[in-house]
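Working notes, beginning with the structure itself.
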Amino acid sequence: MIKREQRRLLGVFRARLPEVGTRRVTDPRRAKSVRQPLGPILDTILVAMAAGARSLADLERFTELLGPAARSTLGLRGRLPDTTVRNVLVELEPEEVTSGLHRLIRAAHQRKAISHEHLPPGIVSMDGKCVTLPAWDDRYAQRQTHSNGGRAHGALRTVTSCLLSSSASPCIDVFPVPAETNDMGAFRGALDH
(Lines give C-alpha, C1' and ligand atoms only; values in the text may rest on other atoms or scores of the structure.)
Protein backbone atom coordinates (compact mmCIF):
# COMPACT_ATOMS: atom_id res chain seq x y z
CA MET A 1 0.00 0.00 0.00
CA ILE A 2 1.46 3.34 -0.96
CA LYS A 3 1.90 6.03 1.66
CA ARG A 4 -0.89 8.27 0.32
CA GLU A 5 -3.43 5.42 0.53
CA GLN A 6 -2.18 4.68 4.05
CA ARG A 7 -2.78 8.30 5.06
CA ARG A 8 -6.31 8.29 3.60
CA LEU A 9 -7.19 5.01 5.27
CA LEU A 10 -5.79 6.14 8.61
CA GLY A 11 -7.60 9.48 8.31
CA VAL A 12 -10.93 7.68 8.00
CA PHE A 13 -10.11 5.32 10.83
CA ARG A 14 -8.85 8.14 13.06
CA ALA A 15 -12.34 9.63 12.84
CA ARG A 16 -14.29 6.37 13.23
CA LEU A 17 -12.23 4.05 15.47
CA PRO A 18 -13.33 5.82 18.68
CA GLU A 19 -16.92 4.85 17.79
CA VAL A 20 -15.98 1.17 17.97
CA GLY A 21 -14.75 1.57 21.54
CA THR A 22 -11.84 -0.88 21.43
CA ARG A 23 -10.48 0.70 24.63
CA ARG A 24 -13.57 -0.63 26.48
CA VAL A 25 -12.77 -4.29 25.72
CA THR A 26 -11.42 -6.16 28.73
CA ASP A 27 -7.86 -7.38 28.19
CA PRO A 28 -7.78 -11.14 28.94
CA ARG A 29 -3.97 -11.24 29.21
CA ARG A 30 -1.99 -11.22 32.43
CA ALA A 31 -0.64 -7.75 33.12
CA LYS A 32 3.00 -8.94 33.46
CA SER A 33 3.15 -10.36 29.94
CA VAL A 34 1.60 -7.37 28.15
CA ARG A 35 3.94 -5.39 25.88
CA GLN A 36 1.31 -3.88 23.60
CA PRO A 37 -2.00 -2.55 24.98
CA LEU A 38 -5.16 -4.27 23.75
CA GLY A 39 -6.81 -1.20 22.18
CA PRO A 40 -4.06 -0.57 19.60
CA ILE A 41 -3.98 -4.29 18.74
CA LEU A 42 -7.72 -4.32 18.03
CA ASP A 43 -7.51 -1.04 16.10
CA THR A 44 -4.68 -2.43 13.99
CA ILE A 45 -6.65 -5.59 13.24
CA LEU A 46 -9.56 -3.49 11.95
CA VAL A 47 -7.34 -1.24 9.82
CA ALA A 48 -5.37 -4.18 8.39
CA MET A 49 -8.58 -6.02 7.47
CA ALA A 50 -9.87 -2.89 5.72
CA ALA A 51 -6.53 -2.68 3.88
CA GLY A 52 -6.97 -6.22 2.58
CA ALA A 53 -5.17 -8.41 5.12
CA ARG A 54 -6.65 -11.91 4.89
CA SER A 55 -4.49 -13.68 7.47
CA LEU A 56 -2.49 -12.98 10.59
CA ALA A 57 0.70 -13.17 8.50
CA ASP A 58 -0.73 -10.45 6.22
CA LEU A 59 -1.49 -8.37 9.31
CA GLU A 60 2.08 -8.74 10.56
CA ARG A 61 3.46 -7.68 7.14
CA PHE A 62 1.04 -4.72 7.15
CA THR A 63 2.45 -3.50 10.49
CA GLU A 64 6.02 -3.93 9.21
CA LEU A 65 5.27 -1.61 6.29
CA LEU A 66 3.59 1.12 8.36
CA GLY A 67 5.47 4.37 8.66
CA PRO A 68 6.19 6.05 12.01
CA ALA A 69 3.22 8.43 11.70
CA ALA A 70 0.81 5.56 10.94
CA ARG A 71 2.16 3.52 13.87
CA SER A 72 1.76 6.52 16.13
CA THR A 73 -1.84 7.03 14.95
CA LEU A 74 -2.66 3.41 15.79
CA GLY A 75 -0.71 3.48 19.06
CA LEU A 76 1.67 0.71 17.97
CA ARG A 77 5.14 0.45 19.45
CA GLY A 78 6.51 -1.50 16.49
CA ARG A 79 5.74 -4.52 14.33
CA LEU A 80 2.81 -6.52 15.64
CA PRO A 81 3.68 -10.26 15.61
CA ASP A 82 1.02 -12.62 14.29
CA THR A 83 1.45 -14.83 17.36
CA THR A 84 0.58 -11.91 19.66
CA VAL A 85 -2.57 -11.21 17.65
CA ARG A 86 -3.56 -14.89 17.67
CA ASN A 87 -3.04 -15.18 21.43
CA VAL A 88 -5.21 -12.12 22.01
CA LEU A 89 -7.99 -13.18 19.64
CA VAL A 90 -8.47 -16.66 21.12
CA GLU A 91 -8.86 -15.22 24.61
CA LEU A 92 -11.40 -12.47 23.82
CA GLU A 93 -15.04 -12.91 24.75
CA PRO A 94 -17.20 -12.75 21.60
CA GLU A 95 -19.80 -10.52 23.29
CA GLU A 96 -17.19 -7.84 24.00
CA VAL A 97 -16.08 -7.78 20.37
CA THR A 98 -19.60 -7.67 18.93
CA SER A 99 -20.56 -4.86 21.31
CA GLY A 100 -18.01 -2.70 19.44
CA LEU A 101 -19.76 -3.56 16.18
CA HIS A 102 -23.10 -2.59 17.74
CA ARG A 103 -21.66 0.77 18.89
CA LEU A 104 -20.30 1.46 15.41
CA ILE A 105 -23.61 0.65 13.68
CA ARG A 106 -25.55 2.74 16.22
CA ALA A 107 -23.21 5.72 15.67
CA ALA A 108 -23.49 5.37 11.87
CA HIS A 109 -27.28 5.29 12.16
CA GLN A 110 -27.30 8.39 14.40
CA ARG A 111 -25.19 10.40 11.95
CA LYS A 112 -27.48 9.20 9.11
CA ALA A 113 -24.68 7.29 7.35
CA ILE A 114 -26.91 4.23 6.91
CA SER A 115 -29.51 4.99 4.28
CA HIS A 116 -32.53 2.95 3.20
CA GLU A 117 -32.78 3.24 -0.55
CA HIS A 118 -34.59 0.36 -2.20
CA LEU A 119 -36.16 -1.80 0.48
CA PRO A 120 -38.27 -0.75 3.47
CA PRO A 121 -36.11 0.12 6.51
CA GLY A 122 -35.13 -2.66 8.86
CA ILE A 123 -34.83 -5.61 6.43
CA VAL A 124 -32.23 -7.95 7.94
CA SER A 125 -30.70 -11.11 6.50
CA MET A 126 -29.49 -13.84 8.87
CA ASP A 127 -26.97 -16.37 7.59
CA GLY A 128 -25.80 -19.40 9.53
CA LYS A 129 -22.36 -20.90 9.04
CA CYS A 130 -20.55 -23.89 10.45
CA VAL A 131 -16.77 -24.20 10.40
CA THR A 132 -15.00 -27.43 11.35
CA LEU A 133 -11.91 -27.25 13.50
CA PRO A 134 -9.34 -29.83 14.62
CA ALA A 135 -10.25 -29.11 18.28
CA TRP A 136 -13.27 -28.19 20.42
CA ASP A 137 -13.98 -26.50 23.72
CA ASP A 138 -17.65 -27.49 24.23
CA ARG A 139 -18.39 -23.81 24.81
CA TYR A 140 -18.51 -22.55 21.22
CA ALA A 141 -16.90 -25.37 19.27
CA GLN A 142 -19.00 -28.51 19.78
CA ARG A 143 -17.41 -31.97 19.55
CA GLN A 144 -18.65 -33.90 16.51
CA THR A 145 -17.87 -37.47 15.49
CA HIS A 146 -18.36 -38.87 12.02
CA SER A 147 -20.14 -42.21 12.02
CA ASN A 148 -18.06 -43.61 9.15
CA GLY A 149 -14.55 -42.94 10.44
CA GLY A 150 -15.09 -42.09 14.10
CA ARG A 151 -12.67 -39.11 13.95
CA ALA A 152 -13.70 -36.26 16.20
CA HIS A 153 -13.61 -32.58 15.23
CA GLY A 154 -15.04 -29.31 16.49
CA ALA A 155 -18.03 -27.59 14.88
CA LEU A 156 -18.16 -23.82 15.38
CA ARG A 157 -21.52 -22.31 14.41
CA THR A 158 -22.30 -18.63 13.91
CA VAL A 159 -25.25 -16.56 12.75
CA THR A 160 -24.37 -13.33 10.92
CA SER A 161 -26.95 -10.57 10.46
CA CYS A 162 -26.68 -7.92 7.74
CA LEU A 163 -28.90 -4.90 7.15
CA LEU A 164 -30.13 -5.49 3.58
CA SER A 165 -32.30 -2.39 3.43
CA SER A 166 -29.14 -0.25 3.37
CA SER A 167 -27.15 0.05 0.14
CA ALA A 168 -23.94 -0.84 2.03
CA SER A 169 -25.54 -3.95 3.67
CA PRO A 170 -23.44 -3.57 6.84
CA CYS A 171 -22.94 -6.48 9.18
CA ILE A 172 -24.89 -5.59 12.33
CA ASP A 173 -24.27 -8.70 14.44
CA VAL A 174 -22.36 -11.95 14.59
CA PHE A 175 -23.76 -14.41 17.09
CA PRO A 176 -21.68 -17.45 18.11
CA VAL A 177 -24.10 -20.32 18.72
CA PRO A 178 -23.16 -21.93 22.05
CA ALA A 179 -22.17 -25.61 21.83
CA GLU A 180 -24.91 -26.67 24.26
CA THR A 181 -27.55 -25.28 21.88
CA ASN A 182 -28.57 -28.45 20.01
CA ASP A 183 -32.20 -27.85 19.16
CA MET A 184 -34.10 -24.87 17.71
CA GLY A 185 -36.04 -24.17 20.91
CA ALA A 186 -32.82 -23.72 22.86
CA PHE A 187 -31.37 -21.70 19.99
CA ARG A 188 -34.30 -19.27 20.06
CA GLY A 189 -33.88 -18.94 23.83
CA ALA A 190 -30.19 -18.12 23.37
CA LEU A 191 -31.05 -15.42 20.81
CA ASP A 192 -33.43 -13.76 23.29
CA HIS A 193 -30.55 -13.05 25.66
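Only heavy atoms go into these numbers, but all of them, side chains included; no hydrogens, no water, no symmetry mates.
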Rounded to the nearest 0.5 Å, what separates atom [atom1] in [X] from atom [atom2] in [Y]?
{"X": "Gln142", "Y": "Thr132", "atom1": "CD", "atom2": "OG1", "answer": "13.0 Å"}
{"X": "Gln36", "Y": "Thr44", "atom1": "CD", "atom2": "OG1", "answer": "7.0 Å"}
{"X": "Leu38", "Y": "Thr26", "atom1": "CG", "atom2": "OG1", "answer": "8.5 Å"}
{"X": "Arg79", "Y": "Leu59", "atom1": "CZ", "atom2": "CG", "answer": "11.0 Å"}
{"X": "Arg71", "Y": "Leu76", "atom1": "CZ", "atom2": "CG", "answer": "7.0 Å"}
{"X": "Ile123", "Y": "Leu164", "atom1": "CD1", "atom2": "CG", "answer": "8.0 Å"}

Before accepting this row, confirm whether a basic side-chain N of the pair Asp137/Arg139 lies closer than 4.0 Å to the acidic partner's carboxylate O.
-> no
Name all residues meeting the salt bridge (charged side-chain N to carboxylate O under 4.0 Å, His left out) criterion together with Glu19; count only those two or more places apart in sequence or in a different chain, and write none if there are none.
-> Arg16, Arg111
Partners meeting salt bridge (charged side-chain N to carboxylate O under 4.0 Å, His left out) with Arg61 (sequence neighbours left out) | Asp58
When you measure from the side chain of Thr73 to the backbone N and O of Ala69, does any donor-acceptor pair fall under 3.5 Å?
-> yes
Between Ser99 (side chain) and Glu96 (backbone), is there a donor-acceptor pair under 3.5 Å?
-> yes
[X] vs [Y] side-chain heavy atoms within contact, under 4.5 Å:
{"X": "Leu56", "Y": "Thr83", "result": "no"}
{"X": "Val85", "Y": "Asp82", "result": "no"}
{"X": "Leu80", "Y": "Phe62", "result": "no"}
{"X": "Pro40", "Y": "Arg23", "result": "yes"}

To check you understand the geometry: which heavy-atom pair defines the closest contact between [X] and [Y], and what is its length?
{"X": "Cys162", "Y": "Ser169", "answer": "CB-O, 4.1 Å"}
{"X": "Pro170", "Y": "Ile114", "answer": "CG-CD1, 4.4 Å"}
{"X": "Arg157", "Y": "Ala155", "answer": "NH1-CB, 3.7 Å"}
{"X": "Ala135", "Y": "Ala141", "answer": "O-CB, 4.2 Å"}
{"X": "Ala152", "Y": "Trp136", "answer": "CB-CH2, 3.5 Å"}
{"X": "Met126", "Y": "Ser161", "answer": "CG-OG, 3.6 Å"}

Run through Ile45, Asp43, Ile41 and flag the one making a side-chain contact (heavy atoms from CB on, under 4.5 Å) with Thr22.
-> Asp43
Verify side chain to side chain contact (heavy atoms under 4.5 Å, CB included) between Arg143 and His153, making sure each step is shown before the conclusion.
-> CA-CA 6 Å; Arg143 183 178 189 267; His153 65 275; over 6 Å; no
Begin with the C-alpha distance, continue with both residues' side-chain angles, and end with the deciding distance and a verdict on side chain to side chain contact (heavy atoms under 4.5 Å, CB included) for Ile172 and Leu101.
-> CA-CA 7 Å; Ile172 58 174; Leu101 174 62; 5.9 Å; no
Any side-chain donor-acceptor pair under 3.5 Å between Asp127 and Thr160?
-> no
Is the number of heavy atoms from other residues, nucleotides or ligands within 6.0 Å of NE2 (His102) greater than 12?
-> yes
Say whether Val174 and Leu89 are linked into one hydrophobic cluster, either directly or through other cluster members, by side-chain heavy-atom distances under 4.5 angstrom.
-> no
Derivation of the side chain to side chain contact (heavy atoms under 4.5 Å, CB included) call for Val25 and Leu42 | CA-CA 9 Å; Val25 176; Leu42 296 177; 4.0 Å; yes
Output, in order, the C-alpha distance, side-chain angles, deciding distance and verdict of side chain to side chain contact (heavy atoms under 4.5 Å, CB included) for Arg103 and Val20.
-> CA-CA 6 Å; Arg103 283 189 291 273; Val20 179; 5.6 Å; no
Residues clustered with Leu156, ILVMFWY side-chain links under 4.5 angstrom | Val131, Leu133, Tyr140
